[in-house]
Amino acid sequence: MSREPQSEWADIVPHVKELTDDEKTVLLLQNLWHKKGHNGCTFSQVVAQAPDVYHWQASLVSEIDCHTSEKIDQTVTSAANDPTIRLLSLVFPSVKSERDLKSLLRVLTLETNTVFLDHSEQVDDHVALSFRFLLENQSLAWIMGFGPYDFFAETRRSPYIELVIPVKPKPDDTYFRHNQDKSTAHVADQHLNLSEKVLDQLWHNTFRKTRKVLGHEPNVFSGARTTFTVTQEMMEKIRE
């Protein structure tokens, strides 16, 4: 496998020297999915063009094992304490099957101290799971999840399982059309140094693009309040 220039890797993966070429490729492919706008949100598409500029760091969690919860907690806590990071992506390349996803969800539901399940909502034969992270100012960060499962909304079907976690409170200069509730922090809250005209265009394009990708109006499974969607059958097995 050919090596990319160090500077290109480092834009997306600050700890690039610690990763193998295969691991770097995983993170670059996941970033490329966001960069191409497949998640429907044009604000995050802008951020994905230059993760270093917008303080979005990616970290890879290689395996799901007895150390996974500790790795997640350490990475999230470190990012929350790092003033240069606003968004943290945790990417899980080994989570590919439904069994793998159940294992990860058990970790997030029962073992992690930083990430926790705030609530779940059943709609027909699926369950929307909302994971959160408590920030230093006691506001709740809404965690968005992505991954390669056909029971995820189209705007969430990325190459690899990923958690995107806002690790800083909502900035004071959040675009005025976004949720202004200071008790929550969202992925789309990030400050973009763009004119109001451009921001307005991004706002309207987000709704158009999301509808196009989904093929229908947004719902609970694609909304920002939901991290992951699972089948009712899978949820019952997770709770066993």
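Numbering starts at 1 and runs along the sequence shown. What you see is a predicted model, and the numbers here were worked out from it, not measured in a lab.
The shortest non-hydrogen separation linking Pro93 to Val61 is CD-O, 3.5 Å. Scanning all heavy atoms of the two residues, the minimum distance from Thr226 to Thr229 falls at CG2-OG1, 4.0 Å. Heavy-atom minimum distance, Ser89 versus Val164: OG-CG2, 3.6 Å. Nearest heavy-atom pair, Lys170 versus Asp189, reported as atom, atom and distance to 0.1 Å: NZ-OD2, 3.0 Å. Closest heavy-atom contact between Thr68 and Asp65: OG1-N, 2.7 Å. Of all the heavy atoms in Glu154 and Arg157, the pair that sits closest is OE2-NH1, 2.9 Å.
A heavy-atom distance below 4.5 Å is not found between the side chains of Phe131 and Ile165. Contact of the Val107 side chain with the Thr112 side chain is registered, since non-hydrogen atoms from C-beta on lie closer than 4.5 Å. Proximity of Thr184 to Ser139: side-chain heavy atoms (C-beta onward) are nowhere separated by under 4.5 Å. Inter-residue side-chain proximity for Ile72 and Phe92 is flagged as met; some heavy-atom pair is nearer than 4.5 Å. Using a 4.5 Å heavy-atom threshold, the side chains of Val115 and Leu90 count as separate. Looking only at side-chain heavy atoms (C-beta outward), Met234 and Leu101 come within less than 4.5 Å of each other. Trp56 has its side chain out of reach of Val187: every pair of non-hydrogen atoms, C-beta onward, lies at least 4.5 Å apart. Contact annotation: the side chain of Pro148 approaches that of Ile161 to within less than 4.5 Å [non-hydrogen atoms, C-beta and beyond].
Residue Arg225 holds its CZ atom at 12.5 Å from CG of Asp118, rounded to the nearest 0.5 Å. In this structure, CG on Leu28 lies 11.0 Å from CD on Gln30, to the nearest 0.5 angstrom. Atom OG1 in Thr109 sits 8.5 Å away from atom CG in Leu104 (nearest 0.5 Å). Put simply, OG on Ser62 and NE2 on His67 are 13.0 Å apart, with the number rounded to the nearest 0.5 Å. The OG atom of Ser94 sits 5.0 Å away from the CD1 atom of Ile64 when rounded to the nearest 0.5 Å. Between the OG atom of Ser130 and the CE atom of Met144 there is a distance of 11.0 Å, given to the nearest 0.5 Å.
Thr77 places a side-chain N or O within donor-acceptor distance of the main-chain N or O of Asp73, the cut-off being under 3.5 Å. Of the possible donor and acceptor atoms, one in the side chain of Ser158 sits under 3.5 Å from a partner among the backbone N and O of Tyr160. Of the possible donor and acceptor atoms, one in the side chain of Arg156 sits under 3.5 Å from a partner among the backbone N and O of Thr227. Using a distance-only test at 3.5 Å, with no hydrogens or angles considered, no donor-acceptor pair links the side chain of Ser78 to the main chain of Thr75. Of the possible polar contacts, none joining the Gln232 side chain to the Val127 backbone as a donor-acceptor pair under 3.5 Å is found. The main-chain N or O of Leu134 is never found under 3.5 Å from a side-chain atom of Gln138 such that the two would form a donor-acceptor pair. The closest donor-acceptor contact from the side chain of Lys168 to the backbone of Pro83 lies at 3.5 Å or more, if one exists at all. Under the 3.5 Å distance criterion, the side-chain polar atoms of Arg86 are left unmatched by any main-chain donor or acceptor of Pro166.
A donor and an acceptor atom, one from each side chain of Thr25 and Asp22, are nowhere located under 3.5 Å apart. For the residue pair Glu70/Gln74, the side-chain donor-acceptor check at 3.5 Å is satisfied.
A chain of hydrophobic side-chain contacts below 4.5 Å, direct or via other Ile, Leu, Val, Met, Phe, Trp or Tyr residues, connects Ile85 to Ile143. Note on Phe146: it does not cluster hydrophobically with Leu32, by side-chain heavy-atom contacts below 4.5 Å among ILVMFWY residues. Linking Ile, Leu, Val, Met, Phe, Trp and Tyr whenever their side-chain heavy atoms come within less than 4.5 Å leaves Leu140 and Leu163 in two separate clusters. Under the 4.5 Å side-chain heavy-atom criterion for ILVMFWY residues, a single connected hydrophobic cluster contains both Val95 and Leu117. Linking ILVMFWY residues whenever their side-chain heavy atoms come closer than 4.5 Å, directly or via other members, leaves Leu110 and Leu108 in distinct clusters.
Classification of the His38-Trp33 ring pair by plane angle, with boundaries at 30° and 60°, yields tilted. Using bins of under 30°, 30° to 60° and over 60° for the plane-to-plane angle, the ring pair Phe151/His126 lands in the tilted bin.
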Audit row: Asp100, Ser103, side-chain hydrogen bond (donor to acceptor under 3.5 Å, both in side chains) steps and yes/no
CA-CA 5 Å; Asp100 297 332; Ser103 296; 5.6 Å; no
Audit row: Tyr149, Val230, side chain to side chain contact (heavy atoms under 4.5 Å, CB included) steps and yes/no:
CA-CA 9 Å; Tyr149 295 92; Val230 299; over 6 Å; no
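Judged by the 6.0 Å and 45° rule, Arg132 forms a cation-pi pair with Trp142.
The number of heavy atoms from other shown groups lying within 6.0 Å of CD (Gln49) is above 12.
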